[in-house]
Chemist: 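Here it is, the structure, as structure tokens.
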Amino acid sequence: MVRPVETILRALEKAYPQAHCALAHDNPFELLVATVLSAQCTDKRVNQVTPLLFARYPEAASLAQARQSELEKIIYSTGFYRNKAKHLIAMAKALMALYGGQVPADMKALVALPGVGRKTANVVLGNAFGIAGGVVVDTHVGRIARLLGLTKAQMVEKVEADLIRCVPRSKWILLPHLLIEHGRQICVARRPRCGQCVLATNCPSCLI
DNA sequence: ATCCCGAGGG
DNA sequence: CCCTCTGGAT
């Protein structure tokens, strides 16, 4: 029923040769912060607040000393601003206390940071350090959760486990970017453009 | 109304 | 396991 992953990968790589991490960043710290901000928010809007954010708080040391009210104003438009501001300050303090202000290149250490879950850790590991720790699975998977009778929480875990099993490790970092690009251009939530979809012939939800 | 590169708390 | 947190785009 489902086409081999290799075939899907090849089709997506051909369709989106420019796929990459769209969160603007110059170093692991900036990517970590940007990824925390990206929760339930488009990368484009994150990129609108990060220039001012990083000018004001260029590294963990300054962010750890931030006044929460000031930080909230800067990140306001990314949503969840109170939680994110609180988490970012706590995260920066933890980076100072545990890692000398540096971002650890380690899954367990990243996930233990305040406000950092497995998805954020995977983004930082893969795109800042080039380490394929796991596979980034975002909220797109929630769209098909109902078809399989799974909750979103179950879905995220199962999908990553399946991808780790089926996809060669050399593609773990690239694959999420391909899927996200596909989700943005073709497989959008409302009125998906199935007529232009390179995976249409194999898609159970295809509308044509 | 629904969705966006989620995570913590109950 | 479910809920909440938030604003802007579509």
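A quick note: this is a predicted structure, and the numbers were derived from the prediction, not measured. Note on naming: letters A, B, ... go to the chains in the order of the sequence lines (proteins, then strands), and numbering restarts at 1 for each one.
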Chemist: Write down the distance between CD (A:E181) and C1' (B:dC4), rounded to a whole number of angstrom.
Modeler: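 In whole Å, B:dC4 C1' and A:E181 CD are 15 Å from each other.
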Chemist: When rounded to the nearest Å, what value does the distance between P atoms of B:dA7 and C:dA9 take?
Modeler: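 Nearest-Å result for B:dA7 against C:dA9 at atom P: 24 Å.
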Chemist: May I ask you to verify if any side-chain N or O of A:T35 is less than 4.0 angstrom from the OP1 or OP2 atom of B:dG6?
Modeler: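 No, because none of the side-chain N or O atoms of A:T35 sits under 4.0 Å from OP1 or OP2 of B:dG6.
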Chemist: Give the nucleotide from the list B:dC5, C:dC5, B:dG8 with an atom nearest to the side chain of A:F80.
Modeler: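 Selected nucleotide: C:dC5.
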Chemist: Heavy atoms under 4.0 Å, any strand shown: does A:V36 hit a base, just sugar-phosphate, or nothing?
Modeler: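 No contact.
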Chemist: What does A:L31 touch in the nucleic acid at a heavy-atom separation under 4.0 angstrom: a base, only the sugar-phosphate, or nothing?
Modeler: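 If one applies the 4.0 Å heavy-atom cut-off, A:L31 turns out to touch nothing in the nucleic acid.
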Chemist: Of the candidate nucleotides C:dC5, B:dG6, B:dC5, which contains the atom at the shortest distance from the side chain of A:N83?
Modeler: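 The listed nucleotide nearest to A:N83's side chain is C:dC5.
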Chemist: How many whole angstroms separate atom CZ of A:R82 from atom C1' of C:dT6?
Modeler: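 Going from CZ in A:R82 over to C1' in C:dT6 covers 8 Å.
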Chemist: Quick one: which of B:dC5, B:dA7, C:dC1 gets closest to the side chain of A:Q154?
Modeler: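 Among B:dC5, B:dA7, C:dC1, the one nearest the side chain of A:Q154 is C:dC1.
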Chemist: May I ask you to check whether A:N127 and A:H25 show a side-chain donor-acceptor distance below 3.5 Å?
Modeler: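 No, no side-chain donor-acceptor pair sits under 3.5 Å.
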Chemist: Say you pick atom C1' in C:dC1 and the same atom in B:dC4; how far apart are they, in whole Å?
Modeler: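 Roughly 24 Å separates the two C1' atoms.
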Chemist: Using the P atom on both, measure C:dC5 against B:dC5 and round to a whole Å.
Modeler: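 Their P atoms lie roughly 22 Å apart.
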Chemist: State whether the side chain of A:W172 and the backbone N or O of A:V167 hold a donor-acceptor pair below 3.5 Å, judged by distance alone.
Modeler: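 Looks like yes, one N/O pair under 3.5 Å.
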Chemist: When the distance from CG of A:D43 to C1' of B:dC4 is rounded to whole Å, what number comes out?
Modeler: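 Going from CG in A:D43 over to C1' in B:dC4 covers 9 Å.
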Chemist: What integer distance in Å separates A:K86:NZ from B:dG9:C1'?
Modeler: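 After rounding, the gap between these two atoms is 10 Å.
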Chemist: Hey, does A:P114 reach any base, or is it just sugar-phosphate, or nothing, if we go heavy atoms under 4.0 Å?
Modeler: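 Touches sugar-phosphate only.
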Chemist: Ignoring hydrogens and angles, tell me if any N or O in the side chain of A:K119 forms a donor-acceptor pair with the backbone of A:V136 under 3.5 Å.
Modeler: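 Absent.
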Chemist: Does OP1 or OP2 of B:dG6 have a side-chain N or O of A:R118 closer than 4.0 Å?
Modeler: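 Checking B:dG6 against A:R118, no side-chain N or O comes under 4.0 Å of OP1 or OP2.
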Chemist: Once you round it to whole Å, what is the distance between C1' of C:dC5 and CD of A:Q68?
Modeler: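 Distance check: A:Q68 CD to C:dC5 C1' gives 13 Å.
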Chemist: Tell me, do A:V103 and A:L31 make a side-chain contact under 4.5 Å, heavy atoms counted?
Modeler: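 Not touching, per the 4.5 Å side-chain cut-off.
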Chemist: Given A:Y16, which partner from the list A:H177, A:E181, A:H182 fulfils the side chain to side chain donor-acceptor pair (under 3.5 Å) test?
Modeler: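 Result for side chain to side chain donor-acceptor pair (under 3.5 Å) with A:Y16: A:H182.
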Chemist: Identify whether any heavy atom of A:H87 sits under 4.0 Å from a base atom; if not, whether one sits that close to sugar-phosphate; answer base, sugar-phosphate or nothing.
Modeler: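 A:H87: backbone/sugar contact only, no base atoms under 4.0 Å.
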Chemist: Using a cutoff of under 3.5 Å, can you pull out all pairs of nitrogen or oxygen atoms linking the protein to nucleotides 8-10 of chain C, with atom names and distances?
Modeler:
none

Chemist: Could you tell me how far apart A:K73 (NZ) and C:dT6 (P) are, to the nearest whole angstrom?
Modeler: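 Distance, rounded to whole Å: 16 Å.
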Chemist: Would you say A:S38 and A:T78 make side-chain contact, with heavy atoms under 4.5 Å?
Modeler: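 Counting from C-beta outward, A:S38 and A:T78 never come under 4.5 Å.
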